[in-house]
Amino acid sequence: MKDRLVIFDTTLRDGEQSPGASMTKEEKIRVARQLEKMRVDVIEAGFAAASPGDFEAIRAIAETIKESTVCSLARANEKDIQRAGEAIQPAAKKRIHTFIATSPIHMEKKLRMTPDQVVEQAVKAIGWARQYTDDVEFSAEDAGRSELDFLCRIFEAVIKAGATTINVPDTVGYNFPSQFAETIRQLIERVPNSDKVVWSVHCHNDLGLAVANSLSAVLAGARQVECTINGLGERAGNASLEEVVMAVRTRPDIFPVETRIETTQIVPASKLVSQITGYPVQPNKAIVGANAFAHESGIHQDGVLKHRETYEIMRAEDVGWTQNKLVLGKHSGRNAFKSRLAELGIVLESEEALNSAFARFKELADKKHEIFDEDLHALISDEAVTPAQEHYKLNYSQVCSETGEVPHSRVILSVGGQELKAESDGSGPVDATFKAIEQVVRSGSELLLYSVNAITTGTDAQGEVTVRLSKGGRVVNGQGADTDIVVASAKAYLNALNKLHSCQGKVNPQGDV
Ligand code: KIV
Ligand code: ZN
């Protein structure tokens, strides 16, 4: 019998801390449903005290998710823990994850607390958290640069106070696999009652070692790994869920553990998160990159045709890669559309939302003829934008682009319900359109990123555009999809402007106590 490795997904919390990756409540619910379908054990749904929006999103996830444990992060103070407890309250299975920094540099420079005060605060935090749930996780932030003796001391104290999972984060991605494994081994050996808790790791990827460090920790006795889809997360990101899960599954000879992850849901989860956050997946990314199972060299192709295992250690279909299947066309009816959405795990809350999505599907099918799953995901993302989130809307766009002539764009926007027109030249049709939009909106934002990807193959594919804008220290990503990439670009730009318009301030969990 192998031990269970608990998969704790923090895409919706640490992943969302990636610049511009903030998600709306509806988007978070879609990701959470996909994580549940993938049989993730624990979903860290957010940081309840960060903002009212985060609180609402966690609560909505707690009301929706039945199979996975729903968790909220909380700093080790009473107010944060109370918010976390209230947010997860409706969940069938609930956890509070509380943390405080333990490295000398964090305690002295950030918290301005003595080690004694830190231990005292951590113990109190566990007591507050236990009022809301018996499932309490404690993290020693920056454990990767903390003193081992101090870690033993604080972990002993929080276990005594009722913590049930002890997490050892390499917050700044500084550790090295053999060293990190030794830390975990020592902690399990030295901390009294270490066998009464689950040992967990949370590794960042600053040196590209997050997955390696997490896996070495598993070999040293850790039984929970905290990770994110596509390795999303602060700075260089977190350990990537798909790599951890597939390493354990592909090498049962090495790992004495197994996960309960439904691996065929990995690629759909990766695509969903990439599409919602606007963070593209690099083509050569392990498991979920477009080339992860593509054999380019003739020798490899020949080998795979003769015997697949000559060059493949995993099967593409086991992680959810399928051929781009034609799923629907312009003659497909409302029922076919509805059941395909259900198969994709997409639930539209009302008949009205379904009717509106179906009308847009018909419009798209007129332009595109063959509709793939990826098109449906993009369409539903557009549909998830509520009127309240759509202060700026594109009503009309026209572009003149001719060889030897300066491109010119005309747009009509609805701004808070009022129709406004503008036009502008630009160095290209997209530039002209963005300038025309700016004439109306005058956002004063800075464009940090503009990228276009084809959602499927063929020249009739929809272009999916990501626009990243920054203003007053806030960074947002906007997405838009259309068969016309100028229209997709305008939609993405307006989507980002809408996010800037509606965004409320957030507290960074790793800022203070
Ligand atoms: O990286 C980190 O230390 C964290 C903690 C809050 C677990 O994200
Ligand atoms: Zn982290």
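Both ligands and their constituent atoms are indexed starting at 1 by order of listing.
Close approach to Glu141 involves these atoms of ligand 1, each under 4.0 Å from a residue heavy atom: 3 (O). When each atom of ligand 1 is checked for a heavy atom of Ser139 under 4.0 Å away, the hits are 7 (C). Short contacts between ligand 1 and Asp14, defined as distances under 4.0 Å to a heavy atom of the residue, involve ligand atoms 8 (O). Taking every heavy atom of Pro169 and a limit of under 4.0 angstrom, the matching atoms of ligand 1 come to 3 (O). Near His204, with a cut-off below 4.0 Å to any heavy atom, the atoms of ligand 1 are 1 (O).
Within a 6.0 Å sphere centred on NZ of Lys109, other residues, nucleotides and ligands contribute 12 heavy atoms or fewer. Within 6.0 Å of OH on Tyr174 lie no more than 12 heavy atoms contributed by other residues, nucleotides or ligands.
Side chains of Ile229 and Leu35 form a contact here, defined as non-hydrogen atoms less than 4.5 Å apart.
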Can you check salt bridge (charged side-chain N to carboxylate O under 4.0 Å, His left out) on Arg130 and Asp134, steps first, answer last? CA-CA 5 Å; Arg130 290 284 306 221; Asp134 293 345; 3.7 Å; yes
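A donor-acceptor contact closer than 3.5 angstrom is absent between the side chains of Thr133 and Arg95. Between the side chains of Ser216 and Asn213, no donor N or O sits under 3.5 Å from an acceptor N or O.
Taking atom 2 (C) of ligand 1 as the reference point, the nearest protein heavy-atom neighbour is Gln510 NE2, 3.3 Å. Given atom 3 (O) of ligand 1, the protein heavy atom at minimum distance is Thr171 OG1, 2.6 Å. Here the heavy atom of the protein found nearest to atom 6 (C) of ligand 1 is Arg13 NH2, 3.7 Å.
Ion pairing of Lys93 with Asp135 is absent here, as no side-chain N (NZ or NE/NH1/NH2) approaches a carboxylate O to less than 4.0 Å.
With sequence neighbours left out, Glu78 forms a salt bridge (Lys or Arg N to Asp or Glu O under 4.0 Å) with no residue at all. Partners of Lys124 by salt bridge (Lys or Arg N to Asp or Glu O under 4.0 Å), not counting sequence neighbours, listed by chain and number: Glu120.
The tally of protein N/O/S atoms under 2.8 Å from the Zn ion (ligand 2) stands at 3.
Within the structure, the closest approach of His97 to ligand 1 falls below 4.0 Å when heavy atoms are considered. Using a 4.0 angstrom heavy-atom cutoff, Gln17 does not count as in contact with ligand 1.
The main-chain N or O of Gln265 is found under 3.5 Å from a side-chain atom of Gln34 such that the two form a donor-acceptor pair.
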Using atom types as modelled, flag every donor-acceptor pair under 3.5 Å from a side chain in residues 56-65 to any protein atom, sequence neighbours excluded.
| residue | atom | partner | partner atom | Å |
| --- | --- | --- | --- | --- |
| Arg59 | NH1 | Glu86 | O | 2.6 |
| Thr64 | OG1 | Ala60 | O | 2.6 |

